[in-house]
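Working notes, beginning with the structure itself.
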Protein chains: 2
Amino acid sequence: MISTTIENYIKAIFYLGETATNVTVSAVAERMQNSPASVSDMLRRLYEKGLIKDKNNITLTDQGSFLAKQIIRKHRLWETFLVKTLDFKWDEVHSIAEQLEHVQSSLLTERLERFLEYPETDPHGDPIPDKDGNFPDLSIIPLSESEPGKSYIFRSVATDAKDFLNHLDNKGLQLGQRWVIIEKEEFDGSVKLLVDDKNEVYLSEKVAKNLNICSGELD
Amino acid sequence: MISTTIENYIKAIFYLGETATNVTVSAVAERMQNSPASVSDMLRRLYEKGLIKDKNNITLTDQGSFLAKQIIRKHRLWETFLVKTLDFKWDEVHSIAEQLEHVQSSLLTERLERFLEYPETDPHGDPIPDKDGNFPDLSIIPLSESEPGKSYIFRSVATDAKDFLNHLDNKGLQLGQRWVIIEKEEFDGSVKLLVDDKNEVYLSEKVAKNLNICSGELD
DNA sequence: ATAAAATTTTAGACTAATCTAAATATTAAA
DNA sequence: TTTAATATTTAGATTAGTCTAAAATTTTAT
């Protein structure tokens, strides 16, 4: 009934809705790599299917939002499987999970979740919604809002872009590490960290804004 | 480049080619649950893509055959995963594997195969081709060609039909069992077995033709 | 060997998803 | 507040995959 194409639109609208106050046709077009004309046309169909509330204010209905969360749930569970079970690296899994997220079988999703022992986050540290669409509360903040002298755990990244993840790998940064903030530069927002009590790492504000942390020591 | 639809046609032609001497438009239509008109049209496209040799004699090219074996390989590896790792029953996995078989990533397939420890057969006992498309040699025969008094191992089923598998479950028949042929009835081809030295089971010729065995004791 | 039956192909139409180009509407600036 | 720039929608086409109905071909049987 609902095509892979529609699922991808719903996912894009959900993600855009998380950050932007109002989602626009051109933002969806940009994200989907489609023309605005195609998006405009598709929004009509999404509206007819009861997946968005309104044509002018692009907001998901409860049904649309639930669907989005199911797709995100599947994506993040498959990413976890690929990294934990099949030994993929965290920057290799995105495009495979984009395919696996469309496989339809709620039993499969539940069995996979059980096999992975009900993970709260995926390999990027992003929270995995449960089967009712509820996200676990991780209370994370961007590194750019950290306080000097305090200790944090590196929890997630705000973007999946391959070269960004690669940059982190090169700096030796990995999820779950303990980071102590050595200093923050006021005028350019750059941050200096002590990673796992060993290495000092210097990060620009641009990078710091895309790294999410939560306060506290390691588990 | 090659759609899921085309992959399904290629798979259907491969399977039909295994049993029938010449594959017909109507046989493909029957198997795909499409009209003969659609099939005829599609065959033109398959020919243009170099996947079948000829329009009149429906035979896969080397490229088409390799593609078919890759899809079958993925299908059978995923079925094995679903049963062995996620505890599905062997009659529940077919429709999920039909989706998973279209996921494109040779690295994924190889990692999955490694995780499953290079299985030779899927949960139905069907051989899994390696990454070059070579099937392992299992030297199996249909039960209908067995000899009275001899001992065999139940290796595979010739069809995935849900009600057929269910019928087998009801009779207590499972892959890997040791079957001793008690007697074969000449006039109707029916067979009486001793299963695992415990139960006597009576099977019609229709069923016996769809059960594959290989000679020998259990491993 | 010809008629009847079955099979296959062609013709024309439909849907989903896309495009470009043009028209329309909205937002921002002078 | 009227113009200019930007954003969105509509119109008309295209492609892949499907359909039904009709035409053409091939096979089978008398």
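Computed over heavy atoms, backbone and side chain alike; hydrogens, waters and symmetry mates excluded. Just so it is clear, the model here is predicted, and its values are computed rather than measured. In what follows, chains carry the letters A, B, and so on, assigned in the order in which the sequence lines appear, proteins first and then strands, with residues in each chain numbered from 1.
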Over all strands shown, is [X] touching base, sugar-phosphate only, or nothing at heavy-atom distances under 4.0 angstrom?
| X | answer |
| --- | --- |
| A/Arg44 | nothing |
| A/Asp41 | base |
| A/Ser38 | base |

Atom-to-atom span, [atom1] of [X] to [atom2] of [N] - whole angstrom:
| X | N | atom1 | atom2 | result |
| --- | --- | --- | --- | --- |
| B/Ile58 | C/dT7 | CD1 | C1' | 11 Å |
| A/Ile6 | C/dA16 | CD1 | P | 9 Å |
| A/Met32 | C/dT18 | CE | P | 6 Å |
| A/Leu43 | C/dT18 | CG | P | 12 Å |
| A/Met1 | C/dA16 | CE | P | 11 Å |
| A/Glu48 | C/dT15 | CD | P | 12 Å |
| A/Gln33 | C/dA17 | CD | C1' | 16 Å |
| B/Leu46 | D/dA16 | CG | P | 12 Å |

Under 4.0 Å between a side-chain N or O of [X] and OP1 or OP2 of [N]?
| X | N | answer |
| --- | --- | --- |
| B/Ser35 | D/dT18 | no |
| B/Ser3 | D/dG17 | yes |
| B/Arg45 | D/dA16 | no |
| A/Ser26 | D/dT8 | yes |
| A/Asn34 | C/dA17 | no |
| B/Tyr9 | D/dA16 | no |

Q: Could you check which of D/dT8, D/dG17, D/dT10 has an atom nearest any side-chain atom of B/Met42?
A: D/dG17
Q: Please determine, for the side chain of B/Thr24, which listed nucleotide (C/dA17, C/dT10, C/dT8) has the closest atom?
A: C/dT8
Q. Sub-3.5 Å donor-acceptor pair from the side chain of B/Arg73 to the main-chain atoms of B/Pro129, do we have one?
A. yes
Q.
Nearest 0.5 angstrom please: B/Ile71 CD1 to B/Arg76 CZ, how far?
A. 12.0 Å
(Q) Taking B/Arg114 first and then B/Glu110, would you say they form a salt bridge - that is, a charged N and a carboxylate O separated by under 4.0 Å? (A) no
(Q) Against A/Leu77, only a single residue in A/Thr109, A/Leu108, A/Ile72 fulfils side-chain contact (heavy atoms from CB on, under 4.5 Å); can you say which? (A) A/Thr109
(Q) Tell me which one of B/Glu98, B/Arg31, B/His102 satisfies side chain to side chain donor-acceptor pair (under 3.5 Å) with B/Asn8. (A) B/His102
